[in-house]
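Residues take their numbers from the sequence shown, with the count starting at 1. Nothing here was measured: the structure is a model prediction, and the numbers come from that model.
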Amino acid sequence: MILRYLAVLDDAPAAFVILIAAFGASLLVGLVLHEVAHAYVADSLGDRTPRSFGRLSLNPKRHLDPLGAALIFLAGFGWARPVPVNPFNTSGNPKLNMATIAVAGPATNLVVAAIAGLPIKLGWVPFFHPFVAPSLANFAAQVWTESPENLVGLFLGTIVLLNVILAIFNLIPLAPLDGFRVAAGLLPRPLAAQFSRLEPWCPGILMVLIILPFLGGPAWLFEVMGPPRDFLLKLFAGDTLVRLV
C-alpha cells in the first residue's frame, strides 16, 4: 500500500510524510487500543488473565505483532498479538462475556474512526485517503499537497478508513479474528458447539481468502467488506465526495 507512493517522494514529500504519520497513528492507536479494550473489558468482567500478562498497558511493545504491523503499511489491514482471556473466570455467562470481550476491540476502532472523522463530517477538511489506483498515485499526491487542509484531510481520512477496515476485518467470523468469538457467543449453544468445531480450519481459510486476489483469483473477502465499509465511511465522514477512489 505505502510502497506505491515511494515514486512520489521527490515530488510530494509532504504527502508521503503525512501518509507515514497516518499509517503509524493507525498502527499505534487502532491496533494498541483494540487490544487494550479486550483486556480492559475482560478485567472488568472479572478475568485477571490479561492483567497477569501485562496487557492492560498502553505500551505498544506489549501488543504489536511484527507481521500484523507490517501489513498495515503493505496491505492496509493487520493485527496485533491476541490478548489471552479466560471467559470462565468472568462473572455471569461465560459464553456471552466472551462475545462482549471480543466485540470490544472492533468497537474501539469504530470510536477512533468516529473521532478522526468528525472534522471531515463537519466540513472543516476534505476526505482523502491513499486507497487509489497505482496509476493515480502521482495525481493524488499533487491534489493532497495543494493546501494544508488537504494534508489534514489526508491524515484524518486515512485514520478513518484504516480503523473502519480494521473493525470490519476483525468482525469476520473466522478464527482467530474477533468475529469468530462474537458469533460463537451469540449463537444458540448447540449451533455454537458445531460452529466452534470449525476453528482449526479457519486460519487456513482466512489466509486463502486474503491471498487469492493477489494471485489473480476472486476478491471475495474484500467484496464482502465493501458494503459495510462504505456505510461506515458515510456515517463517520458524512456525504463528503471522495474524489479519488
Side-chain angles (χ1 to χ4, degrees), residues 26-72 77-115 162-210 221 224-225 228 232:
S26 296
L27 177 71
L28 293 176
V29 177
L31 289 182
V32 171
L33 289 186
H34 178 112
E35 298 304 327
V36 171
H38 288 316
Y40 176 80
V41 172
D43 190 76
S44 67
L45 290 173
D47 179 23
R48 300 295 181 257
T49 307
R51 182 183 293 272
S52 66
F53 280 86
R55 299 302 296 274
L56 286 173
S57 170
L58 290 173
N59 184 350
K61 292 182 179 180
R62 295 189 177 275
H63 303 285
L64 295 182
D65 172 83
L67 177 59
L71 278 177
I72 284 284
F77 63 87
W79 56 80
R81 291 168 49 216
V83 172
V85 299
N86 185 349
F88 295 101
N89 289 337
T90 62
S91 57
N93 185 334
K95 184 169 171 290
L96 184 58
N97 287 344
M98 185 68 249
T100 304
I101 294 167
V103 82
T108 300
N109 289 125
L110 295 181
V111 170
V112 171
I115 294 172
L162 287 177
N163 275 276
V164 164
I165 291 175
L166 284 171
I168 297 171
F169 176 71
N170 276 283
L171 285 173
I172 294 171
L174 290 172
L177 302 179
D178 299 323
F180 185 85
R181 303 298 177 195
V182 174
L186 296 180
L187 286 171
R189 194 168 297 277
L191 287 177
Q194 295 180 29
F195 181 70
S196 295
R197 295 192 187 102
L198 300 174
E199 184 171 1
W201 302 94
C202 287
I205 295 172
L206 181 62
M207 290 306 300
V208 169
L209 292 174
I210 292 173
L221 182 64
V224 168
M225 292 172 62
L232 290 170

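Side-chain contact check for L186 versus L96: some heavy-atom pair is nearer than 4.5 Å. Residues L221 and F169 meet the side-chain proximity criterion, which asks for heavy atoms closer than 4.5 Å.
In this structure, CD on E35 lies 12.5 Å from OG on S57, to the nearest 0.5 angstrom. The CG atom of D47 sits 9.5 Å away from the CG atom of N97 when rounded to the nearest 0.5 Å. Of the inter-residue distances, the one linking M98 atom CE with F180 atom CZ reads 11.0 Å to the nearest 0.5 angstrom. A distance of 13.0 Å separates CG of L177 from CD1 of I168, quoted to the nearest 0.5 Å. Atoms OG1 and CZ, from T100 and R181 in turn, are 14.0 Å apart once rounded to the nearest 0.5 Å. Put simply, CG on N89 and OG1 on T49 are 5.0 Å apart, with the number rounded to the nearest 0.5 Å.
The heavy-atom pair separating P176 from L206 by the smallest distance is CD-CD2, 4.4 Å. The two residues A184 and S196 make their nearest non-hydrogen contact at CB-OG, 4.2 Å. Listed here is the closest heavy atom pair of G105 and H38: N-CE1, 3.4 Å. Pairing each heavy atom of T90 with each of A42, the nearest pair is CG2-O, 4.4 Å. Between F195 and P173, the shortest heavy-atom distance links the atoms CZ-O, 3.7 Å.
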Evaluation steps, side chain to side chain contact (heavy atoms under 4.5 Å, CB included), between L209 and L174: CA-CA 11 Å; L209 292 174; L174 290 172; 4.0 Å; yes

Apply side chain to side chain contact (heavy atoms under 4.5 Å, CB included) to L64 and L28, showing your working. CA-CA 8 Å; L64 295 182; L28 293 176; 4.3 Å; yes

Worked check of side chain to side chain contact (heavy atoms under 4.5 Å, CB included) between L56 and V36: CA-CA 6 Å; L56 286 173; V36 171; 5.6 Å; no

Check the pair R55 / D43 against side chain to side chain contact (heavy atoms under 4.5 Å, CB included), numbers first and verdict last. CA-CA 10 Å; R55 299 302 296 274; D43 190 76; over 6 Å; no

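The main-chain N or O of L187 is found under 3.5 Å from a side-chain atom of K95 such that the two form a donor-acceptor pair. Between the side chain of N109 and the main chain of G30, a donor-acceptor pair closer than 3.5 Å is present.
Salt bridge absent: R81 and D65 never bring a charged side-chain N and a carboxylate O closer than 4.0 Å.
Between H34 and the choices T108, D178, N163, the side-chain hydrogen bond (donor to acceptor under 3.5 Å, both in side chains) rule is met once, by D178.
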